[in-house]
Engineer: 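Please see the structure below; I have some questions.
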Protein chains: 2
Amino acid sequence: MQIALAPAPYASGTPSLRIGTTPHPETQRSFGAGEEIFAEGDRARFFYRVVSGTVRTCRILPDGRRQIDAFHLAGDIFGVEAGTEHRFGAEAVGEVRVIAYRRERMLLTGDDGALAQEVAAATLRALARAQEQMMRLGRKSARERIASFLLDLADRMTDGMAGSLRLPMSRTDIADHLGLTVESVSRCVTQLERDGLIALSPDRHSVRLRDRAALRHLDA
Amino acid sequence: MQIALAPAPYASGTPSLRIGTTPHPETQRSFGAGEEIFAEGDRARFFYRVVSGTVRTCRILPDGRRQIDAFHLAGDIFGVEAGTEHRFGAEAVGEVRVIAYRRERMLLTGDDGALAQEVAAATLRALARAQEQMMRLGRKSARERIASFLLDLADRMTDGMAGSLRLPMSRTDIADHLGLTVESVSRCVTQLERDGLIALSPDRHSVRLRDRAALRHLDA
DNA sequence: CGCGGTTTTGACCTGAGTCAAGCCGGGTGG
DNA sequence: CCACCCGGCTTGACTCAGGTCAAAACCGCG
């Protein structure tokens, strides 16, 4: 497959879009913290690209248990479906701007094949992440999951200057992503701090990875 | 995307392949129980389709913990990679026959676009399964994981006549897929049997789903 | 009928969950 | 400018689902 896994061409702060020969007015939308972008079961008429901010896609069991499938950062594509409806809900984590693409756009392989290829690449990347996540959820301890998650996030958020990354999501979100409880996440993070592997800002939302080697060792 | 999620055109016992205009001699290969089809880290020169039998793709942590990513049944495509190497190993569960496709075949969008589309569809399906699996691993109890797994397998193995499906894999494999231990799998299966939700053959490898409603309720 | 691998069962242990307070920081209004 | 609130984070004490270790039991097979 000719899919290039190079960094997504529309990274972080690139709201402008090059779009084939015919100018498609791409709809750009904004959402406030916690707002729903689409719900589980909605008709999948669009798929999206994050322009700025962070999006979480998640599913909720009837009894309230929640699993956050993934966090999508600036440049990431999400909401692509094989069937006709969204199998996950999507919500803004903090302030978010996204571009909505009409799903049918994917049908035309002509002209805008570039977008189609990008989507294919994004899908493959999503699959790779999902597989990584399965490893975490299936076989790793709480401590290992946190270490792995932080490293992964650090890789993806290039912006964070000098090893310090700002976590856009709450502890609860992290817990629901890693299959843990808030308390466990809190305890593990604190423990990693005590052990000197990471350092936390006073508001506890910025993390500096002080000992990547040790973290990577935990990541296994 | 024009991907049709209809049942894969080359299902179960269909070794013959229709392949565009130029006849490509597709390599068909056989493997015995436990044999390795490719290893984690191998150059990804081929991807595969299961002709008969079951394949497991898995990853092993340095300390020996194993996570089985997925089981691939007849008709399934596996081993498609975004990068240049396989990020999972693949092994035969019992006797297996597969067709190996040269990876470059995907490059030509011409002629054989059909295969390319099939791969795209397979990728999307794999992603959907991975997401289902994350839900299981992240938020479900042992009992629920087993129920969910059995239902899923029953759906995919149409062959199993009248609700009775033969599990091709060992308890250990199931455990490593569901993030449990052999003992837990065994206990849960036995419990489901005692509770009358399932019935087991004397060799404990065939399962009849006696109360799908209850199982589905567990699946949530 | 004995053998070897898989599955099951039992007794015990522990990592993470649960429940219940505190704590801290940031935002508001007096 | 500061006292107060409120939601998210942390901490502590206790519980429990599932893991661990060890031993049968079972099935299929030669």
Side-chain angles (χ1 to χ4, degrees), chain A residues 32-34 54 56 61 63-68 93-95 136-150 166-195 198-207 218, chain B residues 32-34 56 61 63-67 93-95 136-150 166-195 198-207 218:
Chain A
T54 302
R56 61 174 179 251
L61 290 178
D63 66 355
R65 283 176 286 178
R66 183 176 73 151
Q67 175 65 36
I68 295 183
V93 176
E95 292 294 312
R136 283 201 274 254
L137 295 175
R139 286 299 176 213
K140 291 189 178 172
S141 69
R143 200 181 161 78
E144 291 170 328
R145 291 182 205 188
I146 300 284
S148 180
F149 173 71
L150 290 177
R166 177 141 204 91
L167 302 179
M169 71 293 284
S170 71
R171 295 290 192 264
T172 304
D173 281 349
I174 298 176
D176 285 348
H177 181 54
L178 298 179
L180 301 168
T181 57
V182 209
E183 294 95 327
S184 287
V185 171
S186 181
R187 275 189 256 266
C188 285
V189 168
T190 303
Q191 199 53 51
L192 288 175
E193 185 185 26
R194 290 224 178 92
D195 297 350
I198 61 173
L200 294 167
S201 63
D203 77 351
R204 318 237 96 203
H205 268 78
S206 287
V207 184
L218 275 180
Chain B
R56 62 174 178 251
L61 291 178
D63 66 356
R65 283 176 286 177
R66 182 176 73 150
Q67 175 65 36
V93 176
E95 292 294 312
R136 283 201 273 255
L137 295 175
R139 286 297 178 215
K140 291 188 179 174
S141 70
R143 199 180 162 79
E144 291 169 328
R145 291 181 205 189
I146 300 284
S148 180
F149 173 70
L150 290 178
R166 177 140 204 93
L167 302 179
M169 70 294 282
S170 71
R171 296 288 191 263
T172 305
D173 280 351
I174 298 177
D176 285 348
H177 181 52
L178 297 180
L180 301 168
T181 57
V182 208
E183 295 95 326
S184 286
V185 171
S186 180
R187 275 188 257 266
C188 284
V189 168
T190 303
Q191 199 52 52
L192 288 175
E193 185 186 25
R194 291 223 177 92
D195 296 351
I198 61 175
L200 295 168
S201 64
D203 78 349
R204 319 237 95 203
H205 268 78
S206 287
V207 184
L218 274 180

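Numbers restart at 1 for each chain; the letters A, B, ... are given by sequence-line order, proteins then strands. Because only heavy atoms are used, hydrogens play no part in the values below, and waters and symmetry mates are left out as well, while side chains stay in.
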Engineer: Does a nitrogen or oxygen in the side chain of T190(A) sit under 4.0 Å from OP1 or OP2 of dT11(D)?
Structural biologist: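 Checking dT11(D) against T190(A), a side-chain N or O does come within under 4.0 Å of OP1 or OP2.
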Engineer: Looking at CG of D176(A) and CE of M169(A), how far apart are the two atoms once the value is rounded to the nearest 0.5 Å?
Structural biologist: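 With rounding to 0.5 Å, CG (D176(A)) is 12.0 Å from CE (M169(A)).
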Engineer: Name all residues meeting the side chain to side chain contact (heavy atoms under 4.5 Å, CB included) criterion together with E95(A); count only those two or more places apart in sequence or in a different chain, and write none if there are none.
Structural biologist: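 Listed in chain order: nothing, the list is empty.
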Engineer: Quick check: do V189(B) and I174(B) have side-chain heavy atoms less than 4.5 Å from each other?
Structural biologist: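 Counting from C-beta outward, V189(B) and I174(B) never come under 4.5 Å.
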Engineer: Taking protein heavy atoms under 4.0 Å as touching, what does nucleotides 19-30 of chain D look like 5' to 3' if B marks base contact, S marks sugar-phosphate-only contact and - marks none?
Structural biologist: SBB-----SS--
Engineer: Judged by atom type as modelled, is there a donor-acceptor pair below 3.5 Å linking the side chain of R171(A) to the main-chain atoms of V182(A)?
Structural biologist: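 No, the answer is negative, given that no donor and acceptor are paired below the 3.5 Å cut-off.
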Engineer: Rounded to the nearest Å, what distance is computed from the CG atom of residue L137(A) to the P atom of nucleotide dA16(C)?
Structural biologist: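 Distance check: L137(A) CG to dA16(C) P gives 13 Å.
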Engineer: Rounded to the nearest angstrom, tell me the gap between atom CG in L167(B) and atom P in dT6(C).
Structural biologist: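 One finds 15 Å between P of dT6(C) and CG of L167(B), rounded.
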Engineer: Measure across F149(A) and R136(A) and return the closest heavy-atom pair with its distance rounded to 0.1 Å.
Structural biologist: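 Of all heavy-atom pairs spanning F149(A) and R136(A), the closest is N-NH1, 3.9 Å.
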Engineer: Apply salt bridge (charged side-chain N to carboxylate O under 4.0 Å, His left out) to R56(A) and list each qualifying residue two or more places apart in sequence or on a separate chain.
Structural biologist: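 Once residues adjacent in sequence are excluded, the partners of R56(A) under the salt bridge (charged side-chain N to carboxylate O under 4.0 Å, His left out) criterion are E91(A), D173(A).
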Engineer: Side-chain N or O of H205(A) less than 4.0 angstrom from OP1 or OP2 on dC9(D)?
Structural biologist: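 So the side-chain polar atoms of H205(A) do come within 4.0 Å of the phosphate oxygens OP1 or OP2 of dC9(D), strictly under.
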Engineer: Kindly state each residue pair satisfying salt bridge (charged side-chain N to carboxylate O under 4.0 Å, His left out) with at least one member in residues 179-190 of chain B, sequence neighbours excluded.
Structural biologist: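 Every pair satisfying salt bridge (charged side-chain N to carboxylate O under 4.0 Å, His left out) with a residue in residues 179-190 of chain B: there are none.
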Engineer: Quick check: do L167(A) and L150(A) have side-chain heavy atoms less than 4.5 Å from each other?
Structural biologist: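 Answer yes - side chains close enough.
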Engineer: Can D63(B) and R139(A) be counted as an ion pair, charged N to O under 4.0 angstrom?
Structural biologist: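 No salt bridge links D63(B) with R139(A).
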Engineer: What bend angle does the helix from dC1(C)-dG30(D) to dG30(C)-dC1(D) show across its length, from five-pair end axes and to the nearest 10 degrees?
Structural biologist: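 The helix from dC1(C)-dG30(D) to dG30(C)-dC1(D) shows an end-to-end axis angle of 30°.
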Engineer: What's the shortest heavy-atom distance between H177(A) and I68(A), and which atoms?
Structural biologist: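 Smallest heavy-atom distance, with atoms named: ND1-O, 2.7 Å.
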Engineer: Closest heavy-atom contact between Q67(B) and L137(B)?
Structural biologist: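 Result for this residue pair: NE2-CD1, 4.0 Å.
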Engineer: Base, sugar-phosphate, or nothing: which does S186(A) touch, judged by heavy atoms less than 4.0 Å apart?
Structural biologist: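 Answer is base: heavy atoms of S186(A) come under 4.0 Å of a base.
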Engineer: Roughly how many Å is it from CG in D176(A) to P in dC9(D), rounded to a whole number?
Structural biologist: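 So the CG-P distance, D176(A) to dC9(D), works out to 12 Å.
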Engineer: In whole angstrom, what separates L178(B)'s CG from dG18(D)'s P?
Structural biologist: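 Computing the L178(B):CG to dG18(D):P distance gives 12 Å.
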Engineer: Report the distance from atom CG of L200(B) to atom P of dT6(C), rounded to the nearest whole Å.
Structural biologist: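 After rounding, the reported distance stands at 18 Å.
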Engineer: How close or far is atom P of dG18(D) from atom CD of Q191(B), stated in whole angstroms?
Structural biologist: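 Spelled out: CD on Q191(B) to P on dG18(D) is 12 Å.
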Engineer: Any residue in residues 142-150 of chain A with a heavy atom nearer than 4.0 angstrom to DNA chain D? Just list them by number, or reply none.
Structural biologist: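 Those residues: none at all.
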